[in-house]
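Some notes on the structure that comes next.
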Amino acid sequence: MRRPIIAGNWKMNKTESETIELLTDLIPLVKDADVDVVVCPSFINLLAAKKVLEGTNVKLGAQNMHFEDQGAYTGEVSPVMLKTSGVEYVILGHSERRQYFKETDKLVNTKVLAAIDHGLIPIICVGETLEQREQGITQELVALQTKVALNDVSSEDAKKVVIAYEPVWAIGTGKTSSAEDANDVIAAIRQTIADVYNKEVADAIRIQYGGSANPGNISELMSMPQIDGGLIGGASLTAEDFAKIVNF
Ligand code: PGA
């Protein structure tokens, strides 16, 4: 059985004091959760978050990272820095990184390998745009994104990776994929993993849905056999909503 994983992607939201406040409110509300709970604040608030989260069941994630350990990369944050700051997960290849910062599948793969090298668990985002959906190439596209992202990842490491299927047209728009449709695309991603590795890896890997998931639709999404969790943006920004999702 795959243990569900629900992660909050805070994006570029929350100051240090707001981070502490939100987490302080959240911790008691999710303490009995039967899922892995992850929050991903901005880089600058990771250390403040780490202090508040110590000794709780809420794990810390980052929203991005560079692939080098150190060096002349102005404005970037390395896997070593994340690891030594108590970060356990890192979101890679989010569609906003792909769209606004021109991240490619190849770059995402390089980052995935670096994250694994440093003992960080990547949450790899894949998903189609509205145009691609209308062209009917959703499943081929996410299969390709998945294959490239996992290039050179061993089967043992692949089992620990998390994938987030996030249709780009559903992110922050209030439009959710239907649960059946998300389930079908996630099944296609799992089949791709079975083809590249084997059934054991495909059965082990956790695949989340993301894109306007909220307290009202999470139960239906989570009732789908292929959906192992959620990557939550807007609805992770208040403790009440995120706790409702975690405790679906
Ligand atoms: P959303 O964002 O829940 O606000 O749609 C999800 C995401 O971008 O990970």
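What's counted below: heavy atoms across the whole structure, side chains too, no hydrogens, waters or symmetry copies. Along the sequence shown, residues carry numbers from 1. We count ligands from 1, going down the list as the structure has it; atoms in each ligand are counted the same way.
Listed by atom number, the atoms of ligand 1 under 4.0 Å from G234 heavy atoms are 1 (P), 3 (O), 4 (O). Within ligand 1, the atoms closer than 4.0 Å to a non-hydrogen atom of N9 are 9 (O), numbered from 1 in the order shown. Proximity to G172 (heavy-atom distance under 4.0 Å) selects the following atoms of ligand 1: 1 (P), 4 (O), 5 (O). Listed by number with element, the atoms of ligand 1 under 4.0 angstrom from any heavy atom of G211 are 5 (O). Against a heavy-atom cut-off of under 4.0 Å, A170 is close to the following atoms of ligand 1: 5 (O).
Looking at I171 next to ligand 1, no N or O pair under 3.5 Å apart turns up. For ligand 1, the polar-atom distance check finds no N/O of E96 at less than 3.5 Å from any of the ligand's N/O atoms. Residue A213 places no N or O, backbone or side chain, under 3.5 Å from any N or O of ligand 1. Residue H94 has at least one N or O atom closer than 3.5 Å to an N or O atom of ligand 1.
One finds no salt bridge joining D203 and R190 here, because no Lys/Arg side-chain nitrogen approaches an Asp/Glu carboxylate oxygen to under 4.0 Å. A salt bridge is absent between K147 and D105; no separation between the charged side-chain nitrogens and carboxylate oxygens falls under 4.0 Å. Taking a cutoff of 4.0 Å between a charged side-chain nitrogen and a carboxylate oxygen, K159 and E200 qualify as a salt bridge.
Here the straight-line distance linking atom OG of S236 with atom CG of N214 works out to 12.0 Å at 0.5 Å rounding.
For the pair S85 (side chain) and L47 (backbone), a donor-acceptor distance under 3.5 Å is absent. Not one N or O on the side chain of D25 forms a donor-acceptor pair closer than 3.5 Å with the backbone of A239. Looking at N13, its side chain does come within 3.5 Å of a backbone N or O of W10 through a donor-acceptor pair.
Nearest residue to atom 6 (C) of ligand 1 from G210, A7, G233 is G233 (criterion: closest heavy atom). Comparing Q63, Q208, K11, E166 against atom 9 (O) of ligand 1, the shortest heavy-atom distance belongs to E166.
Looking only at atom types and distance, the side chain of Y197 has no donor-acceptor partner in the side chain of E156 under 3.5 Å away.
Contact between S212 and ligand 1 is present, with at least one heavy atom of the residue lying under 4.0 Å from the ligand.
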